[in-house]
Amino acid sequence: MRVKQIKAIALLTFKQALGGKAVYGIILGAFFCSAITIGLAGFFMHDIDKVAIDFTLSFISFCSLILLFFVGANLILNDINKKTIYFILSKPFSRQEYIIGKLAGLIFFCTTGIIIFSIAGFITIIIIKYMYSAYFKDFIWSLFFTAIYAHILMVALLNSIILFFSTITFNSFLILISSITTYIVGQTIEEIYFYIKNQTSIIPLSYFVENTINAMYYIAPNLALFDLKTNAAHCIPISKTYILSITFYAVTYIILITTASCIIFSKRDLP
Amino acid sequence: MIKINSVTKNFKSGIKKSLIKAVNELSFNIHKNKTLGIIGPNGAGKTSLLKMILGFIKPDKGFIEINEKSPMDYKSRGKTGYLPENPYYYDNLTLNELFLFSFQITKTNKYDFKKRADYLLKKTGLLSVRKAKLSSYSKGMLQKAGICLALINNPDLIIFDEPTSGLDPIARKILSDIILDLKNKNKTIIICSHILNDIEKLCDQIIIMADGKIKAKYLKKDLVKNKTDLEQVFIETVM
Amino acid sequence: MKKSHLKYLAIFLILFFAYYLNFLFLSNERNIFRNQNHIKYLIPSQISGPLSMEFKNILCDFLFLKLITFTGKQLRNNKKIHDINYIISLTNIITNLDPLFWDPYFFSCMMIAWNCDKYNLALKILKKAEKNLENDYRPYYFAGFIYYYFLKNQEKAGEYMVKACKLPGSPEYLPFFAAKLLTSSLKHKQAAVFLKYMIKNTVNKNIARKFEKKLKSVNELILLENAGEFYFDKLNNRSTISITHIVS
């Protein structure tokens, strides 16, 4: 695998994504959400800092998910549906380089998007902090940025999942549905797993259901790990080992799933 | 040299997954510095064959070798240029940006690359629109952009899939001139087309395909010698 | 301005006016519709929690806004809160989703105490807050307030205020108020122990000096209390004792 080729594809993907008009709409939306946050913060009594961070981080998450599912996912689908993939693969690129380059470009694009949303969020909090300074005594910026970092990890992981589904099927609808389903499962599986684990002593579950949930818990990506919004909102410190471990988890999962994508894609016929 | 040996490709279609034979036990060689024309009715298996040569799809049976390398090996595409039937390049990018992409993966120096890009742009008449987004291009302009991008890395093997479809007579003339120019530079060229005149004018060797098989093979010099009309031959072979 | 532009402007103004009239009419219709079809449904936190995925916190904020508007609407229309169960259920959902969110505990307990006179329910909400906000003085402080102001139980109020004082962030005046509550409920010994604790744990020397002053007066009260007890003991034993003896 050659870094030069991967870099070229990543850059092309990034430029392609930036050229889409939807991106600017989403960025505008993020700034609009920030304005709403400033207005809404005044409705609360004591926990204005918590509410401001809740809103800001949730808007960052929401906008970046839209960016990921509706812009990022389309980048791969367009390559296949509009057959631009022929332009790339008729040049001396291996399929593995294409997959890794595409993933790198997507991660780069989504991270840039999140950074732009975070700037909007940062400005929002600065304004709210100025307006209600008495309520921001415990506020810690580093926790706010740690939550954003964890979100970037989650989006990177989701990028690799979208890419994985794109190698399995070339149907855009199926890719989108599978990716969104994985996101929902990833966000909820931990809660369901522990809930059911506690409940089975009271209400025994069928062997099939219990094992399916157990299997999902280990196979599906646990995206709840990357949700540090509560910590940022309530200024609950996060240990460095936790951040390191979620980073390691995301990186290993991305490598694993990208390897699978490379294997599948190298064996597939293009449409 | 391109070696095609007993290549078969089937596609599954419909709910019942009925098998369609796109290419059936095809064997022939394409020699270096020759221009091969492939003609055939719709569904003859021309595009499937080209896709297999480019490594986009794998043959179910048989094998293809390009300079003794499998088409799936990216090294076999090191000196290949491809113009698809309906070229589509990222709408929101410019031709310049796509040139930059091609430059990033070549070993050519910047000066030579720029010189070649300018030459191709002048030849195709796209010099003034190189910084415009591809979404503003007409179909003919896109076809010309496709030619520039296929030829930018100075390939030794060039594959054209329906290169003149949808082009106006002037654009067709420009493209013919470019192909003749490439021919004079001893490049290996494969052209798939419905337009028999172009094939007759540009190719040294002509293959007529139908139902995934080669129905007839001709050398241009034989056609000229016998004063045979290609259209007549084509109709007689396929019908 | 060109004639064609004027034409477009006129068309636009007419359409805007028509839209505005329609909007007014629709708003009225919608209000009637909403009032006729109002369903006060709540999704339990066991379901809304997993469903909201990584957006639990923002869901809490919106539910809390819903709680505020619902209560406000009831107070505006009826001058009293009728649907107390809805408020309690909604508060429970919010505080299950985000147990560290103080505003809903505070809002609900104060609304229930002030407007519904259901002090025990208010204290129940604060009990949950005590459990979830371990290091926060506010749940104890407001529980103390409810005991002091509504239930007129100075002894319990004092106990809660003492607990509140020991937690970080509590106001500077609180120890004096707690001591006052304990002394006025004749819990002088408890007040002294508490003041000694505060003197030991107060870094600010000025405040510590004030505590010492207060402790001195509480100690004197303890002395009087002891003497009083001694007097009443003797009185019960029917033995005579002089007032000088008690004071000495």
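Residue numbering restarts at 1 for every chain, and letters A, B, ... go by the order of the sequence lines. These numbers were taken from a predicted model, which means no experiment stands behind them.
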Where does the angle between the aromatic ring planes of A:Tyr218 and A:Tyr193 fall among parallel (under 30°), tilted (30 to 60°) and perpendicular (over 60°)? perpendicular
Examine whether an atom of C:Ile68 lies under 4.5 Å from a heavy atom of chain A, and if so say whether it belongs to the side chain, the backbone or both; otherwise answer neither. side chain
Taking atom types as modelled, is there a side-chain donor on C:Lys127 or C:Asn132 under 3.5 Å from an acceptor on the other? no
Is the closest side-chain donor-acceptor distance between A:Lys50 and C:Asn57 under 3.5 Å? no
Tell me, for A:Ile53 versus chain C, whether the close heavy atoms (under 4.5 Å) come from the side chain, the backbone, both or neither. neither
So, C:Ser170 and C:Tyr140: side-chain donor and acceptor under 3.5 Å apart, yes or no? no
Run the ring-centre check on A:Phe117 versus A:Phe59 and record whether the distance is less than 6.0 Å. no
Select, from C:Leu100, C:Asp103, C:Leu51, the one with the greatest count of heavy-atom pairs under 4.5 Å involving chain A. C:Asp103
Given heavy-atom pairs under 4.5 angstrom as the criterion, report whether the side chain, backbone, both or neither of A:Ala224 touches chain C. neither
Counting only non-hydrogen atoms closer than 4.5 Å, does A:His234 touch chain C with its backbone (N, CA, C, O), its side chain (CB onward), both, or neither? side chain
Considering only heavy atoms, which portion of C:Phe107 lies under 4.5 Å from any heavy atom of chain A: side chain, backbone, both, or neither? both
Measure distances from C:Phe101 to the heavy atoms of chain A and classify the residue's part below 4.5 Å as side chain, backbone, both or neither. both
Quick one: what part of A:Leu65 sits under 4.5 Å from any heavy atom of chain C, side chain, backbone, both or neither? side chain
Of the backbone (N, CA, C, O) and the side chain (C-beta and beyond), which part of A:Leu40 lies under 4.5 Å from a heavy atom of chain C, both, or neither? side chain
With a 4.5 angstrom heavy-atom cut-off, is it the side chain or the backbone of A:Phe62 that approaches chain C, or both, or neither? both
Could you go step by step and tell me if C:Tyr149 and C:Trp114 meet the ring-ring contact (aromatic ring centres under 6.0 Å, His included) rule? CA-CA 10 Å; C:Tyr149 188 79; C:Trp114 282 102; 5.4 Å; yes
Of the listed A:Ile236, A:Ile184, A:Ile189, the one with the largest count of heavy-atom pairs under 4.5 Å with chain C is A:Ile184
Measure the acute angle between the ring planes of C:Tyr137 and C:Tyr141, then classify it against the limits of 30° and 60° as parallel, tilted or perpendicular. perpendicular
Can you label the angle between the A:Phe136 ring and the A:Phe139 ring as parallel, tilted or perpendicular, going by 30° and 60°? perpendicular
